[in-house]
Amino acid sequence: MSQSKRYIQTTLFGGKIDSTPKRAKILDPKVESHKRNGSDPSDWLQDLENAARKNGGNATPSGIEPACQDEEKSSVAEKHVEQLLMADDLVGDDLVGDGAHQFGHVSILDEHFNPALETCDDWQAFTGSDNKKHYIDDQYLFSRLADAWYAIESLKNSGSGSKKKSWMILGNCFRSILYHCPSQLLYALYLSMQKLGPTYFGIETGIGENTLLKITCELYSRSINQVKELLKKSGDLGTIAYESKIGMTTLYKPPRLTLEYVFKQMLEIANHQGQNSQLRRREGLKRLLVPAIDQEPKYIIRFFQKQLRIGVKTPTIIQALTHAFLLSKPLHQNRQGSFVENEDFNTAVQDLTHTGVTPLVLSYISSHLKFKCYSTKHRSLFDHQECDDTKDATGNNKVRDGDKILDGEDRKTEDCKTEDCRTEDCKTEDCKTEDRKTEDCKTEDCKTEDCKTEDCKTEEPENRFPVEGKTEQEKWEICIRECYSRLPNLGVVVFYLMHGLTREQLHERCQLSPGIPVAPMLAKPTKSYTTVLNNMEGLEFRAEFKYDGERLQIHKDDHNNVSLFSRNMERLDQKYPDVRDRVINNLKCNDCILDSEVVAINPATGKIEPFQVLSTRKRKDVDAESIDVQVCLFVFDCLRCNGKSLVDLELYKRLEQLEKCFNPVSNEMEFARGQNCSDQSELEVLMDEAIQKQTEGLMIKVLKGSKARYEPSKRTVNWLKLKKDYLDSLGDSLDLVVIGAFYGKGKRSGAYGSFLMAIYDNEEYYSITKVATGFSEQDLQNIYQDLQTHVCDQKPYYYNTRIQPDVWFSPQQVWEIRAADLSLSPVHTAAINKMNTDNKGIALRFPRFIRVREDKQTEQATKPSQVVEMYYAQFNNNQEILEDDTEDFLI
DNA sequence: CTTGCCTGCCC
DNA sequence: ATTCTGC
DNA sequence: GCAGAATGGGCAGGCAAG
């Protein structure tokens, strides 16, 4: 029996105890695929299910009375929760094997999966190791996760119920990990999300499609052209790696990959910097791919492509995580300070709270659950308050608050960095108590106290945890999703879950806090005024300008620390030091979190500049004194103020608070222009103004009632965006000629994934955009067929473009393409000699396919003169001609 | 020291 | 970003 | 209606190659 934590069943399904318990047969995909070695890999799923059935899965031998099975269907999860309690050493194999009876299945694919029935042998015996290094306790085979992914991938498009099955399987995999090696759970979660830590830590692997292509060639001894040829067919480099590996015989058997090894190796790859870093990254990648077998190489490659292609993204992970903790709930564990008993946890947290330990620091404690794995550069991964940009002695790595916190006597606990962390348990006790005492509090008081008495609490709490008609799973899903949106650090959320918090407790502890980004609320695209009014029927609403800039979430704490985050929760502090100063100067509140849009502005005229100007701003080491692109901030929401979370308040109340928050300064920091509306004519008037002011259109938001809350990370009809280019009368529509195409990937494999489009100019064709969206699947099929006859061997001499598509076509078809804007392009050549623009052509922003123009000849396609006209029209409005500005912009 | 490729992140 | 699609 | 997966233009930054 391993020393890892054990759960046992204390109560049972009401079924009789099976007098003849037996161990479930070892059922693992690895066993099967190893045996068959090279046969169709998709078979094992079926094999597994058959085997499970044969072994008493659905029949009675496992101890389930048939009478219970109806109940099972309705609320299996709830039953399990009560059944699976955690125990320490009191019980061992004998109780699981004999004393208690066996419940459920050993197959992760089964609804009744029970990790307690798995033995270590299940995933260790078949490792075929000549090197036991990776198989010691608390290591979990990566292949088990990869196999779960594969099972899910195989389910895709298999019909109704496959979604539920997806998160069930993944959740069961998490349960297995949680049960046998809880310290490894976070690795599995992050790997499933194709991330190596919370977004705001800014970890990049630095490996992309091209590097992967080269690696594939090197590793599997193929030429680039060979691989590219294969890519045409399969459309997936991962599959190519998988197939290549199948055909390879290795001289020796390297150690098997474990979750921890894979994760650490990936993090190490991410950490390489400076000279030869690309080489070292590639070497690191090989260290992952060489030992990878079966499904592993495929998913390793897809990880770096940030595309697992199994139909699982964060929302599904949350579902799976919920499933895992609902069915395998840790309640009690005294050893090594890992888990604290439920009641104790509250006092423990109280205790910690008084000594100033914030959830951020609690996340450090979670590192004592051996969620520590990060090497030097990202050592402070679990510290949310890292925001210090000072360089350390080497000038390379940033010293973050987290490092400072640990710089005292506690340093030793974190020093294991790249070393093996497994043997560090003994220190956990000491460190924990040390931590408590040495921390000092910053923002904790407000968090625990204020929010209890706030209106947000009294306002429809049942709305947040709707009881009616929801299963336990659904209630928890909602809660955990919401918590994760407000505190987007899985380490912390999982830490809380490990302590068995109730939903209310969890929610209370996952409140917004300055310095930690909140997933921003998003808006749904709307195509007409009518749709807007329909959606807003019976509701009070407000319309605001939709500025064409960069979303910016502004945090200020009571020590005047300012942090800035992008729409995707990346740090932007370095990019906007000027904003930082403005925030400190203009804010009237103690602390706050604001939602806003930064827009490039001409400070002299106060005129808003196009997005393309903003995007030229430097991103790193920006000196506030010498900024080339000036910006204005348009603030439109307030998520937290003076210690109080406002997200549950109605929009109009948040706006009231926002007004009290800061002094607007013209051309520096203003309120987003907007007003309450009630009918189409008001919207139209505002839209005209919005267009005149060079913004994208309008945002329409519910002002009052339960739909007026700020719902982090959600895209609902409570916020609508009405962009001018969505409206038929306003967008730019062009008739373009298809001159080339690129092979599709993933679900577009076997057809073209995108097309190169051109305008016609006096016997020549100039590329203006690629287009890849707007096609139905049928369209793509038809187009693929239609264009086969037009494929050229070579690039026609009368094509003028800097882009090299996979295939060229002779000019035949004309398509209608819609776009939001036109921009100056370094790669497209449309109208290049009609403009004085430093060898730049014109391109389309947000191009989409509308329809085939059967009625048009290629010579009737849009002409350069028209494109030029459209381009300049963007900078003009009905009031004035802005020649000067335009010239400035072009130069 | 310049140029070009690659990546990640804005939209 | 936009768009389409399965559930 | 949600979640996922196709794909767009274009910029700075970082490194490698010349």
It should be established whether [X] places a side-chain nitrogen or oxygen under 4.0 Å from OP1 or OP2 of nucleotide [N].
X      : N      : result
A/Q278 : B/dC6  : no
A/S566 : B/dC10 : yes
A/K721 : C/dT2  : yes
A/K770 : D/dT7  : no
A/K524 : D/dC2  : yes
A/Y726 : C/dT2  : yes
A/K620 : D/dG14 : yes
A/R715 : D/dA3  : no
A/K618 : D/dC11 : no
A/S754 : D/dG8  : yes
A/T205 : B/dG8  : yes
A/Q273 : D/dG14 : no
A/S776 : C/dT3  : no
A/S823 : D/dG10 : yes

- request: Indicate, yes or no, whether a donor-acceptor pair under 3.5 Å links the base of D/dT7 to the side chain of A/T773.
  value: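 Between D/dT7 and A/T773, which were checked side chain against base, a qualifying N/O pair under 3.5 Å is absent.
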
- prompt: Checking only heavy atoms, does the side chain of A/R619 share a donor-acceptor pair with the base of D/dC11 at less than 3.5 Å?
  reply: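 Such a pair exists between side chain and base.
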
Rounded to the Å, how far apart are [X] [atom1] and [N] [atom2]?
X      : N      : atom1 : atom2 : value
A/F846 : C/dC4  : CZ    : P     : 16 Å
A/L844 : C/dT2  : CG    : P     : 14 Å
A/K214 : B/dT7  : NZ    : C1'   : 12 Å
A/R481 : D/dG1  : CZ    : P     : 16 Å
A/K306 : B/dC10 : NZ    : P     : 14 Å
A/K165 : C/dC7  : NZ    : P     : 14 Å
A/L212 : B/dC6  : CG    : P     : 12 Å
A/L552 : B/dC10 : CG    : P     : 10 Å

Looking at the side chain of [X], which of [options] is the nearest nucleotide?
X      : options               : answer
A/S615 : D/dC11, B/dT7, D/dA5  : D/dC11
A/E570 : B/dC11, C/dC7, B/dC10 : B/dC10
A/N568 : D/dA6, B/dC10, D/dC2  : B/dC10
A/T616 : C/dC4, D/dC11, D/dG9  : D/dC11
A/E777 : D/dG10, C/dT5, D/dG8  : C/dT5
A/T211 : D/dA16, B/dC6, B/dC11 : B/dC6
A/R845 : D/dA16, D/dT7, B/dC11 : B/dC11

Hey, does [X] reach any base, or is it just sugar-phosphate, or nothing, if we go heavy atoms under 4.0 Å?
X      : value
A/K714 : nothing
A/L780 : nothing
A/F775 : sugar-phosphate
A/N276 : sugar-phosphate
A/V717 : nothing
A/L614 : nothing
A/P826 : sugar-phosphate
A/S158 : sugar-phosphate
A/I803 : nothing

message: Say we look at B/dT7 and C/dT2: how far apart would their P atoms be, to the nearest angstrom?
response: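 Comparing P positions in B/dT7 and C/dT2 gives a spacing of 26 Å.
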
- prompt: Would you find a donor on one side and an acceptor on the other, under 3.5 Å apart, between the side chain of A/R281 and the backbone of A/T205?
  reply: yes

query: Taking A/N800 for the side chain and A/Y766 for the main chain, is one N or O donor matched with an acceptor at less than 3.5 Å?
result: no

message: On DNA chain C, compare the nucleotides closest to A/G161 and A/L522; which residue's is nearer the 5' end?
response: A/L522

- request: Please figure out whether A/K156 or A/R848 has its closest DNA chain C nucleotide nearer the 5' end.
  value: A/R848

Whether the [X] and [Y] side chains hold a donor-acceptor pair (N or O, under 3.5 Å, no angle test) is what I'd like checked.
X      : Y      : value
A/Q473 : A/E477 : yes
A/N534 : A/T531 : no
A/Y576 : A/E550 : yes
A/T211 : A/Q278 : no
A/E153 : A/Y299 : yes

message: On DNA chain D, compare the nucleotides closest to A/V771 and A/Q307; which residue's is nearer the 5' end?
response: A/Q307

query: On DNA chain D, nearest-nucleotide positions of A/G311 versus A/I842: which is more 5'?
result: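 By nearest-heavy-atom nucleotide position, the 5'-most residue is A/G311.
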
- prompt: Taking atom NZ of A/K233 as the centre, does the number of heavy atoms from other residues, nucleotides or ligands within less than 6.0 Å exceed 12?
  reply: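 Atom NZ in A/K233 is not crowded, with 12 or fewer foreign heavy atoms closer than 6.0 Å.
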
message: Please give me the minimum heavy-atom distance between A/Y743 and A/D806, naming the atom from each residue.
response: N-OD2, 2.8 Å

